[in-house]
Amino acid sequence: MLAPAPMRSLTGKRVIVTAGPTHEPIDPVRYIANRSSGKQGFAIAAALARLGADVRLIAGPVMLPTPAGVTRIDVETAREMAQAVDTALPADAAVMVAAVADWRVDAIAGQKIKKGDAQPALTLTENPDILAELGRSARRPRLLIGFAAETERVIEHAAAKRARKQADWIVANDVSGDVMGGDANTIHLITADGVEHWAKLPKDEVAARLAGKIADALQ
Ligand code: CTP
Ligand code: CA
């Protein structure tokens, strides 16, 4: 007779998940952002909570309901997201799904910039890399997972990010078709052991699979 499959559980484990875009204000009504629905990050937070994890979901501006059993912290900018991650530490694992804006505007206008004014010349400053900072932090979670949405040379770019940011795993997402905001993803999971190619899956199934792997890794 086959032995029963071991129960996967994340009870007693804290996991930080970042999700959604960040918004970097230009003036009171305009901002810079990456395209991101937040759906994949929210699905991962939900799947981790179903396995019993204490999930801290640090969410950029998205219109999504908070998954059951998840503690949600809403933020707007990359710097607020970095601060919220710091506050949520220590954690056993972190899954950085957010599409963080790479730059912020140096001088945010206090009033709405009017079209008739001189054309605005925005100067930008690079935002902190939250994943890379966690990778070199003394409080680095035991399992650190990054995402990489790539349009070309997906594995190569994602593997380079894994090394540069000192992540354990990179979940590489092939976005060469137009999947932004869609309900499925084609994933290549890059770990120290190599690359796993997943079939195109609904975001909920990507989330369930990843949560199961996280539970196995934290056993
Ligand atoms: N990331 C982060 N903080 C940033 C930028 C990215 O935490 N300021 C994280 C993302 O959440 C993701 C991973 O780093 O887990 C990769 O993000 P990505 O935008 O693909 O990488 P970049 O290093 O910003 O490279 P590029 O945008 O030039 O491809
Ligand atoms: Ca980026």
Side-chain angles (χ1 to χ4, degrees), residues 15-25 31-45 48 55-62 64 72-89 91 93-106 124-137 139-176 179-181 185-191 195 203 206-207 210-211 213-214 217:
V15 185
I16 295 171
V17 179
T18 68
T22 64
H23 285 181
E24 309 299 330
Y31 58 82
I32 296 174
N34 283 34
R35 267 185 220 284
S36 170
S37 68
K39 287 178 189 171
Q40 185 65 81
F42 273 58
I44 290 166
L48 291 164
V55 181
R56 301 297 151 109
L57 172 60
I58 299 166
V62 291
L64 292 172
R72 173 176 182 171
I73 301 106
D74 285 308
V75 297
E76 186 185 356
T77 67
R79 284 190 292 176
E80 287 169 12
M81 185 171 276
Q83 181 60 56
V85 167
D86 193 66
T87 301
L89 289 169
V95 194
M96 316 303 269
V97 197
V100 181
D102 292 308
W103 300 278
R104 67 176 177 274
V105 176
D106 277 333
L124 305 176
T125 299
E126 199 168 306
N127 269 327
D129 189 318
I130 305 165
L131 172 58
E133 284 185 357
L134 210 45
R136 52 179 175 258
S137 159
R139 296 199 294 164
R140 182 193 193 279
R142 180 146 67 91
L143 182 63
L144 183 58
I145 304 170
F147 265 66
E150 304 288 352
T151 59
E152 54 164 2
R153 292 152 66 201
V154 176
I155 307 291
E156 184 187 329
H157 282 144
K161 280 177 188 167
R162 180 175 173 274
R164 191 165 76 240
K165 298 176 190 241
Q166 300 181 52
D168 297 298
W169 302 351
I170 291 281
V171 183
N173 187 6
D174 187 338
V175 294
S176 54
V179 299
M180 306 304 281
N185 273 330
T186 305
I187 296 298
H188 309 278
L189 180 68
I190 301 174
T191 72
V195 186
K203 288 181 177 178
V206 169
L210 191 66
K213 282 193 166 285
I214 292 169

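Only this structure's heavy atoms are used, side chains among them; waters, hydrogens and symmetry mates stay out. Ligands are counted one by one from 1 in listed order, and the atoms in each one are counted from 1 as well.
- Under the 4.5 Å side-chain criterion, counting only non-hydrogen atoms from C-beta, Asn173 is in contact with Ile187.
- For His157, the heavy-atom gap to ligand 1 stays at 4.0 angstrom or more.
- Near Leu131, the atoms of ligand 1 lying under 4.0 angstrom from a non-hydrogen atom of the residue are 2 (C), 7 (O), 9 (C), 13 (C), 14 (O), 15 (O).
- Rounding to the nearest 0.5 angstrom, the gap separating the CD1 atom in Ile155 from the CD1 atom in Ile190 is 4.5 Å.
- For the atom pair Ile130 CD1 and Lys165 NZ, the distance stands at 9.5 Å (nearest 0.5 Å).
- For the Ca ion (ligand 2), the neighbouring protein N/O/S atoms at less than 3.0 Å, given as residue and atom, are Asp102 OD1, Asp102 OD2.
- Listed here is the closest heavy atom pair of Ala78 and Glu24: N-OE2, 2.9 Å.
- Here Met96 contributes atom CE and Phe147 contributes atom CZ; the two are 11.5 Å apart, rounded to the nearest 0.5 Å.
- Ligand 1 is approached by Arg164 to a heavy-atom distance shorter than 4.0 Å.
- Regarding atom 3 (N) of ligand 1, its nearest protein heavy-atom neighbour is Ile130 N, 3.0 Å.
- Asp174 places a side-chain N or O within 3.5 Å of a backbone atom of Ser176 that can act as its donor or acceptor partner.
- Ligand 1 lies less than 4.0 angstrom from a heavy atom belonging to Ala98.
- Nearest-residue assignment for atom 15 (O) of ligand 1 (options Glu133, Arg162, Met96; heavy-atom criterion): Met96.
- Short contacts between ligand 1 and Pro128, defined as distances under 4.0 Å to a heavy atom of the residue, involve ligand atoms 3 (N), 4 (C), 8 (N).
- Atoms of ligand 1 found under 4.0 Å from any heavy atom of Gly146, numbered from 1 in the order shown, are 15 (O).
- Between the CZ atom of Arg139 and the CG atom of Leu89 there is a distance of 4.5 Å, given to the nearest 0.5 Å.
- Among residues two or more places apart in sequence or in another chain, the side chain to side chain donor-acceptor pair (under 3.5 Å) test is passed with Asp102 by none.
- For atom 29 (O) of ligand 1, the candidate residues are Lys161, Glu150, Arg104, Glu126; the nearest heavy-atom contact is made by Lys161.
- Of all protein heavy atoms, the one lying nearest to atom 13 (C) of ligand 1 is Phe147 O, 3.1 Å.
- Distance from atom 28 (O) of ligand 1 to its nearest protein heavy atom, with residue and atom name: Asp102 OD2, 4.8 Å.
- Not one N or O on the side chain of Asp168 forms a donor-acceptor pair closer than 3.5 Å with the backbone of Ile145.
- For Ala78, no heavy-atom contact with ligand 1 is shorter than 4.0 Å.
- Between Lys165 and ligand 1, at least one pair of N/O atoms sits closer than 3.5 Å.
- At a threshold of 4.5 Å between non-hydrogen side-chain atoms, the residues Tyr31 and Glu76 do not count as touching.
- The distance from atom CG of Asn185 to atom CG of Leu210, rounded to the nearest 0.5 Å, is 11.5 Å.
- A donor-acceptor pair is defined here as one N or O able to donate and one able to accept, closer than 3.5 Å; such a pair exists between the side chain of Thr87 and the backbone of Gln83.
- In this structure, CD1 in Ile16 is found 12.0 Å from CG in Leu48, a value given to the nearest 0.5 Å.
- In this structure, atom 1 (N) of ligand 1 lies nearest to the protein heavy atom Asp129 OD1, 3.8 Å.
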